[in-house]
*Asks:* 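Pasting a structure below so you can have a look.
Computed over heavy atoms, backbone and side chain alike; hydrogens, waters and symmetry mates excluded. Given the structure is predicted, the values throughout are model-derived calculations rather than measurements.
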Amino acid sequence: MSSTLFRTKKVEQSILDTEEPEHALRKSLSALDLTVFGVGVIIGTGIFVLTGTVAKNNAGPAVALAFVAAGVACALAALCYAEFASTVPVAGSAYTFSYASLGELPAWIIGWDLVLEFALGTAVVAVGWSGYIQSLMDNAGWELPAALGSREGADGFGFDILAAALVLVLTAILVIGMKLSARITSVVVAIKVAVVLTVIIAGAFFIEGKNYDPFIPKAQAVEAGDTLQAPLIQLMFGWAPSNFGVMGIFTAASVVFFAFIGFDVVATAAEETRNPQRDMPRGILGSLIICTTLYVLVSIVVTGMQNYSRLSVDAPLADAFKETGHPWFAGFISFGAAVGLTTVCMILLLGQTRVFFAMSRDGLLPRFFSHVHPRFKTPHRPTILLGVIIAIVAGFTPLTELAALVNIGTLFAFVVVAIGVIILRRTRPDLHRSFRTPWVPVIPILSVCASLWLMINLPAETWLRFAVWMAAGIVVYFLYGRSHSRLAHRRGEAVPGDAAPPQGRDA
């Protein structure tokens, strides 16, 4: 059984599969497109939404240090992703990388994890976008009915109609084609970067030094009985977690880490890139460097404009300008944030559908979803299915619960990719690597350690939910994926309970 569970798919076979006409994606992206995608997805909820939450609840003005800590962890992982994405330029990101290095079961686990990560990430951003749209509507004197603008209607029912509508519109755009998505993203990213620069430059004039005192607020211990809401380190090591202080910075880093997941989404577009060996490392590393710098500057400015304890949770940047008596800036930021968050939502949805597509092309999910549209050459079937599901999730689920679950899924993927780099270096030293992660195995090991540290700073409740999702994935694999694997049938392996080998065009 172990030989079938850990069978690996050769890199050459993965690349060969991308050439099948009915399952081939159109190659239309350049290095600039990838960088724009990266900036477009990274700059989003982390700045426009989560900054206020973590500053108010976890780190105070030291939220800037939390962004630095999360950025360092991402940089280590980005080096590993860059090597894999340029060596195995196939849709699926960490799922495809794991299949080539760790084996089928680990690949399935990481693919199942990525489906959750990108799906919930899309929902989180859609909820944040809805918050900014409603802020703009409030400025104009318009107000949605409570049951359609939030999750707390008068009768207890609530559905965020704006968040759900955004996901459905973006689903339609992704079905039409990648080039259209890239063009829309380029325009929107220009607007978003202009907003971020406005916050940094204009906000610098309204900074008051007293708002930085104290820069690292005094630690406040979490009550002992609140273990499910406390970071996991309380359960593992007996340490008393805190909302502020040095430990609060690391807790905040594990939350704002959500803001950096964009570069691994870039890796999912490797198969649709014209020259992935050259352009994937540039897109991944370039976008991460640009965005980390902007994140740190924005968080310093915002916490200097308004005391961290009074920052808004839903729209902290816009409301900080309102607090200083400059509503025009607030309206401009709300508009830019609302527009900018659309690209984040779209690119996360793009990444999720590509992982699902890659898994179905390998037979681990129904092959029905691996056929591309005859005209648009996009995976339209999984895009439509997942778009509808995510729209429903975005309408009903609170933002804070979604964000934490997305983070743990991303960090888990980082751990697997870093380990995969070490293994593939040993098992396939002959592979041509246009980009090589420096100082292997030191950098991958540091990436694993940094990711695990952020993971154990997440709430134990998040771990429980993640474990339930992973357990469900294992069940699905043994009931369906293992017996329908194309790799197994290519090798003629007989697995107990196997389905008959696929016939015809699905063979």
*Asks:* Please check: side-chain N/O of Arg274 versus main-chain N/O of Ser28, any donor-acceptor pairing under 3.5 Å?
*Replies:* yes
*Asks:* Kindly say whether Gly40 contributes a backbone atom to a donor-acceptor pair with the side chain of Lys192 at under 3.5 angstrom?
*Replies:* yes
*Asks:* Could you check whether Asn58 and Thr251, counting side-chain N and O atoms only, form a donor-acceptor pair closer than 3.5 Å?
*Replies:* no
*Asks:* Going by atom types alone, do Ser86 and Gln277 pair a side-chain donor with an acceptor below 3.5 Å?
*Replies:* no
*Asks:* Going by an N to O cut-off under 4.0 Å, is there a salt bridge joining Arg361 and Glu19?
*Replies:* no
*Asks:* Do Glu12 and Leu16 have side chains that get closer than 4.5 Å, going by heavy atoms?
*Replies:* no
*Asks:* Counting distance only, does the side-chain N/O of His373 pair as donor-acceptor with the main-chain N or O of Thr378 below 3.5 Å?
*Replies:* no
*Asks:* Test side-chain contact (heavy atoms from CB on, under 4.5 Å) on His380 and Val372; report intermediate values, then the result.
*Replies:* CA-CA 6 Å; His380 58 296; Val372 298; 5.6 Å; no
*Asks:* Between Arg433 and Leu431 (side chain of the first, backbone of the second, donor and acceptor by atom type, cut-off under 3.5 Å), is there such a pair?
*Replies:* yes
*Asks:* Could you tell me which non-hydrogen atom of Ala119 sits nearest to which non-hydrogen atom of Gln352, and how far apart they are?
*Replies:* CB-NE2, 3.3 Å
*Asks:* Using salt bridge (charged side-chain N to carboxylate O under 4.0 Å, His left out) as the criterion, point out the one residue from Arg354, Arg26, Lys377 that pairs with Glu272.
*Replies:* Arg354
*Asks:* Between the side chain of Lys9 and the main-chain N/O of Leu487, is any donor-acceptor distance below 3.5 Å?
*Replies:* no
*Asks:* Any luck finding a side-chain donor-acceptor pair between Asp362 and Tyr95 under 3.5 Å?
*Replies:* yes
*Asks:* Minimum heavy-atom separation for Ser101 and Ile423, please, with both atom names.
*Replies:* O-CG2, 3.4 Å
*Asks:* Could you check whether any side-chain N or O of Thr292 sits under 3.5 Å from a backbone N or O of Ile289, counting only pairs where one atom can act as donor and the other as acceptor?
*Replies:* no
*Asks:* Would you check if Val448 and Ile419 make a side-chain contact, meaning some heavy-atom pair closer than 4.5 Å?
*Replies:* yes
*Asks:* Out of Ile15, Thr18, Thr273, Asn275, which one pairs with Pro89 under the side chain to side chain contact (heavy atoms under 4.5 Å, CB included) rule?
*Replies:* Ile15
*Asks:* Quick one: does Thr96's side chain have a donor or acceptor within less than 3.5 Å of a partner on Ala91's backbone?
*Replies:* yes
*Asks:* Phe356 and Phe118: ring pair (Phe, Tyr, Trp, His ring centres under 6.0 Å), yes or no, with the steps?
*Replies:* CA-CA 10 Å; Phe356 198 96; Phe118 293 147; over 10 Å; no
*Asks:* Decide if the gap between the ring center of Phe414 and the ring center of Tyr81 is smaller than 6.0 angstrom.
*Replies:* yes
*Asks:* What pair of heavy atoms forms the shortest contact from Val355 to Gly111, and how long is it?
*Replies:* CG1-O, 3.9 Å
*Asks:* I need the Phe435 CZ to Arg278 CZ distance, nearest 0.5 Å.
*Replies:* 15.0 Å
*Asks:* So do the side chains of Leu166 and Ser130 get within less than 4.5 Å of each other, counting heavy atoms only?
*Replies:* no
*Asks:* Ring centroids only, cut at 6.0 angstrom: are Phe369 and Phe357 within range, meaning strictly under it?
*Replies:* no
*Asks:* Does a side chain donor of either Glu104 or Ser485 reach within less than 3.5 Å of an acceptor in the other side chain?
*Replies:* yes
*Asks:* Cys291 and Ile43: which non-hydrogen atoms are nearest, and at how many Å?
*Replies:* SG-CG1, 3.6 Å
*Asks:* Shortest non-hydrogen contact from Leu349 to Val167?
*Replies:* CD2-O, 4.3 Å
*Asks:* Is it true that Asp33 and Ser30 share a donor-acceptor pair across their side chains at a distance under 3.5 Å?
*Replies:* yes
*Asks:* According to the interplanar angle, ranging from 0 to 90°, do the rings of Tyr295 and Phe67 count as parallel (below 30°), tilted (30 to 60°) or perpendicular (above 60°)?
*Replies:* perpendicular
*Asks:* Are more than 12 heavy atoms, taken from residues, nucleotides or ligands other than Phe412, located less than 6.0 Å from that residue's CZ atom?
*Replies:* yes
*Asks:* What is the distance from atom CZ of Arg282 to atom CG of Leu34, rounded to the nearest 0.5 Å?
*Replies:* 11.0 Å
*Asks:* Would you give the length of the straight line joining atom CG of Leu348 to atom OG1 of Thr122, rounded to the nearest 0.5 angstrom?
*Replies:* 4.5 Å
*Asks:* Parallel, tilted or perpendicular, judged at 30° and 60°: which one describes the rings of Trp108 and Trp112?
*Replies:* parallel
*Asks:* Between Thr8 and Leu102, is a side-chain contact (heavy atoms from CB on, under 4.5 Å) present by the stated rule, with each step listed?
*Replies:* CA-CA 7 Å; Thr8 58; Leu102 302 177; over 6 Å; no
*Asks:* Between Ser98 (side chain only) and Pro106 (backbone N and O only), is there a donor and an acceptor less than 3.5 Å apart?
*Replies:* no
*Asks:* Side-chain contact, heavy-atom cut-off 4.5 Å: Arg183 with Ser186?
*Replies:* no
*Asks:* Strictly distance-based, threshold 3.5 Å: is any side-chain N or O of Ser447 a donor or acceptor partner for the main-chain N or O of Ile443?
*Replies:* no
*Asks:* side-chain contact (heavy atoms from CB on, under 4.5 Å) for Thr437 and Arg425? Distances and angles first, verdict last.
*Replies:* CA-CA 10 Å; Thr437 303; Arg425 283 283 188 97; 4.3 Å; yes
*Asks:* Got a second to check how far Leu29's CG is from Asp279's CG, nearest 0.5 Å?
*Replies:* 9.5 Å
*Asks:* Verify the distance criterion only: is there a donor paired with an acceptor across the side chains of Glu83 and Thr87 at less than 3.5 Å?
*Replies:* no
*Asks:* Are any non-hydrogen side-chain atoms of Leu452 and Ile456 less than 4.5 angstrom apart?
*Replies:* no
*Asks:* Could you measure the distance from the CG atom of Leu341 to the CD1 atom of Ile133? Nearest 0.5 Å is fine.
*Replies:* 9.0 Å
*Asks:* I would like to know whether Val188 and Thr342 meet side-chain contact (heavy atoms from CB on, under 4.5 Å); could you show each step before the answer?
*Replies:* CA-CA 8 Å; Val188 175; Thr342 59; 3.9 Å; yes
*Asks:* If I compare all heavy atoms of Gly409 with all of Asp113, which pair ends up nearest, and what's the gap?
*Replies:* O-OD2, 2.7 Å
*Asks:* Tell me whether Trp469 contacts the main-chain N or O of Leu464 through its side chain, where contact means a donor paired with an acceptor under 3.5 Å.
*Replies:* no
*Asks:* Between atom OG of Ser287 and atom CD1 of Ile42, what is the distance when rounded to the nearest 0.5 Å?
*Replies:* 4.0 Å
